Amino acid sequence: MAINQKLTKRSDDFAKWYNELILKSELADYSPVRGCMIILPLGYALWENVQRLMDQEFKKTQVENVYFPALIPLSLLQKEAEHVEGFSPQLAVVTHGGGKELAEPLVIRPTSETIIWQYYADRLQSYRQLPLLINQWCNVMRWEMRTRLFLRTTEFLWQEGHTAHATPAEAEERALMMLGVYRKVLEEYMAIPCYQGVKSSQEKFAGAENSYSLEVMVQDFKAVQAATSHNFGQRFSKAFGVTFLNEQDERQHVYTTSWGSSTRLIGTLVMVHADDRGLVLPPRIARTQIVIVPISDSENRKRVFDAAGKLENTLREQGYTVKADYRDIKPVHKFYDWELRGVPLRIEIGLKEVTAEEATLVQRDTGKKMTVRQAELSELIPGIFEEMQRRMFERALQFRDEHTYVVNSFKEFREVLEEKKGFLRAHWCGSNSCENDIKSETEATIRTIPFDSEPETGECVYCGKPSGRRVLFAKAY
RNA sequence: CGGGGCGUGGCCUAGUCCGGUAAGGCGCUCGCUUUGGGAGCGAGAGAUCACUGGUUCGAAUCCAGUCGCCCCGACCA
C-alpha cells in the first residue's frame with residue numbers, strides 16, 4: 001500500500017525520483033536476480049495496452065504473429081559475423097540440461113533473426129510466398145552491465161517483427177512503414193513526441209544495413225531510443241541461405257527487415273509525463289481512466305456509495321475503464337494514491353454532489369478542478385480526455401523543442417550541453433572519428449539523422465570539414 | 001570492472017564510535033470515534049540485526065572474510 005509516502009522531487013534527484021515512482025506506484029519491483037524485474041499489475045496493464053494498440057496496427061499491414069523458441073543453438077547465432085560480434089558480450093548461455101552438460105551450448109535469445117531465418121531458409125521457395133510478414137511478442141535477454149527499471153533490464157518483453165521481401169525497395173519501404181506505426185502509437189496514444197531518422201553507421205544495429213529509430217526527450221533532457229526498425233538487405237539471407245525463385249525463374253536472396261519495441265516504452269512514458277506527485281498517464285493508455293472517490297460520513301454512507309456505484313456503472317457502460325474506491329480510509333488518502341498511480345480523471349462525489357446531482361472532476365495533468373452536473377458527464381468526458389491527450393502531447397513537444405538547440409561550434413556545443421543540457425542540432429562531417437571524439441569528450445552521441453533535417457551546407461562542428469545537414473546529438477539512456 | 005552508498009519486524013530509520021540481550025515512526029489486525037487535501041484513542045501481531053568465522057562471561061555493536069542491492073561511470077534497446 002503506497003499510502004503516506006512522499007516522492008523525491010525530480011529537481012532534487014531525477015534517478016531517485018524515477019526509481020521511487022516505479023516502486024511506489026507499483027508498476028514494478030526488483031527481483032532476486034540483478035537486472036531482472038517483476039512487472040506488477042499496473043505496469044503490465046500499460047504494457048498490455050501498448051501491445052493491443054500496436055498489434056492492431058501491425059495487423060492492418062498484414063503482419064501475422066508467430067512464436068519461435070527462446071533457446072537458440074550457439075552455432076546458429078555465429079552464422080552472421082557482425083551480428084554475433086555485436087551480441088556476444090550480452091549473451092546468457094545455457095550449458096546444462098537434464099543434469100548433463102549439453103553437447104552444444106544454447107543461448108537465450110537476445111533477438112530472433114538467426115533462428116527465424118534458419119527456419120525460413122528451407123521454407124521460402126517462390127516469389128509467390130513473399131513478402132513474408134511475421135511478428136512475435138516475447139521476452140529476450142541481454143546481459144547488461146548497468147540496469148535501470150524498464151529502461152534497461154537484463155530480461156525484457158518486446159515484440160520483434162521480421163519480414164522478407166523480393167526487392168530492396170520493398171524492404172526499405174517496410175522498415176520505414178513500421179517506424180511510422182511506432183510513431184503513431186507513441187504520438188497518438190502515449191502522447192510522446194518523437195524525432196524520427198536514420199542511425200549513424202556506428203549506432204546502427206549489429207548486422208543491419210540501415211537502422212531507423214524514434215528518439216524521445218525525457219524530463220532530465222536525455223534521449224531514449226523508443227523503437228527501432230532495421231533494413232538488413234541480404235545480410236541475413238546470405239548468412240542463412242534464404243533464397244527464392246523470382247518471376248524470371250532466377251534464384252535470389254531475400255531482403256529482410258526487423259523492427260522492435262519493448263517494455264522500455266513504459267519507462268519512457270513515465271520519464272516523459274510523470275510529475276512530483278506521481279505518474280501522469282494519457283487517457284488513451286491508462287489502465288484506469290476514471291476513479292470515483294465517494295466522500296461521506298457514516299450517516300450518509302449508503303446514499304453516497306449508492307450514487308457512486310450508479311455513476312460507476314453508467315461510465316463503465318459508456319466504455320470507460322472505471323474504478324470506484326470504497327476503501328474505508330480518508331478521501332485525501334485516495335486522492336494521493338490515485339494521483340501517484342496516474343489516473344487521468346478523478347470524480348469526487350459527496351453529499352453535496354449527491355444532493356445537487358453534481359460531480360466534482362479533477363484532472364490529473366493540470367490538477368484543474370470543476371464541478372458539473374452529472375447529467376452532463378457523458379458529453380463532457382470525451383472532450384476532457386481529448387483535450388488532456390492533446391495537452392500532454394503539446395506539453396512534451398514544447399518541452400522538447402525548448403531544449404533542442406542549434407549549435408555551430410564545438411565550444412558552443414560543449415557549453416550548451418553542459419549548461420542547458422538537451423538535444424543539439426549540429427553539423428557533422430560523417431566520419432566515425434569525429435563521432436567518437438565528440439562522444440568521448442562530451443558523452444553525447446548522434447541519436448539520429450532526422451528525416452526532417454533540411455539539406456544545409458555547413459561545417460562539421462568538430463573538424464570543420466563540409467557537412468550537408470545537421471544531425472541530432474544528445475546524451476542518451 | 002572502477003568510484004560512492006547501504007544491508008536492523010512488510011516499509012523507513014535510531015542504536016554501531018564507547019559490547020550488557022533490540023527501539024521509534026509508518027503500515028498491518030481488532031474495537032470505537034472520524035471522513036471535502038496525508039485524523040484520534042485503546043488493544044494486538046510481527047526481528048534467526050545480510051551471511052560465515054573469530055575475539056569475549058556476553059556481539060546488531062569489535063576483527064576478518066563473503067554475499068547482495070542501489071547510485072555514478074565504461075557496454076547496450
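Quick note on labels: first sequence line is chain A, next is B, and so on, each numbered from 1. All values reported here derive from a predicted model rather than from experimental measurement.
Applying a 4.0 Å cut-off to non-hydrogen atoms, the residues of residues 279-313 of chain A that approach RNA chain B are A:I295, A:S296, A:D297, A:S298, A:R301, listed by residue number. Non-hydrogen atoms lying under 4.0 Å from RNA chain B are contributed by A:Q90, all within residues 64-91 of chain A.
To the nearest angstrom, P of B:G37 lies 20 Å from NZ of A:K368. If you measure from atom CD1 of A:I329 to atom P of B:U35, you get 15 Å, rounded to the nearest angstrom. Atom CH2 of A:W338 and atom C1' of B:G38 are 17 Å apart (whole Å). Distance A:K475 NZ to B:G73 P: 8 Å, rounded to the nearest Å. Rounded to whole Å, atom C1' of B:G36 lies 6 Å from atom CZ of A:F335. Taking atom CD1 of A:I38 as the reference point, atom C1' of B:C69 lies 14 Å away to the nearest angstrom.
Within the 4.0 angstrom heavy-atom criterion, base atoms lie near A:R346. Contacts of A:Q225 with the nucleic acid, taken as non-hydrogen atoms under 4.0 Å apart, involve only primed sugar atoms and P, OP1 or OP2. Nucleic acid contact for A:E215: none, since no nucleic acid atom lies under 4.0 Å from a heavy atom of the residue. Here A:F156 lies in heavy-atom contact (under 4.0 Å) with a base. Residue A:T360 is classed as a base contact, given a heavy-atom separation below 4.0 Å to a base. A:K16 comes within 4.0 angstrom of no nucleic acid atom, judged by non-hydrogen atoms across all strands. Looking at heavy-atom distances under 4.0 Å, A:D13 makes no contact with the nucleic acid at all.
The ring of A:Y336 lies on top of the base of B:G38, close enough and flat enough: under 5.5 Å between centres, under 30° between planes.
Using C1' as the reference atom, B:U13 and B:G3 are 26 Å apart when rounded to the nearest Å. B:G38 and B:U29 have their P atoms separated by 22 Å, given to the nearest Å. When the C1' atom is compared between B:A64 and B:U56, the two are found 16 Å apart, to the nearest whole Å.
Taking the six-membered ring for Trp and thresholds of 30 and 60 degrees, A:F14 and A:W17 have ring planes inclined between 30 and 60 degrees apart.
Phosphate contact (OP1/OP2 of B:C75, side-chain N/O of A:R142, threshold under 4.0 Å): absent.
Side-chain rings of A:W47 and A:F156 stay apart, their centers remaining 6.0 Å or farther from each other.
Pairs of Watson-Crick or G-U wobble type, with distances under 3.5 Å, assemble into runs of 3 or more in RNA chain B at these ranges: B:1-7 with B:67-73, B:10-13 with B:23-26, B:28-33 with B:39-44, B:50-54 with B:62-66.
Between the side chain of A:H273 and the main chain of A:M190, a donor-acceptor pair closer than 3.5 Å is present. Judged purely by atom type and a 3.5 angstrom limit, A:Y119 has no side-chain atom pairing as donor or acceptor with the backbone of A:F68.
Atom CD in A:E339 sits 5.5 Å away from atom CZ in A:R364 (nearest 0.5 Å).
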From CA spacing to verdict: side chain to side chain donor-acceptor pair (under 3.5 Å), A:E144, A:Q90
CA-CA 6 Å; A:E144 296 290 346; A:Q90 291 187 277; 2.8 Å; yes
Derivation of the side chain to side chain contact (heavy atoms under 4.5 Å, CB included) call for A:L345 and A:Q289:
CA-CA 6 Å; A:L345 186 65; A:Q289 294 170 303; over 6 Å; no
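The local environment of CH2 in A:W143 is sparse, with at most 12 non-hydrogen atoms from other residues, nucleotides or ligands closer than 6.0 Å.
Put simply, the residue from A:F413, A:F410, A:F423 that forms a ring pair (Phe, Tyr, Trp, His ring centres under 6.0 Å) with A:F473 is A:F413.
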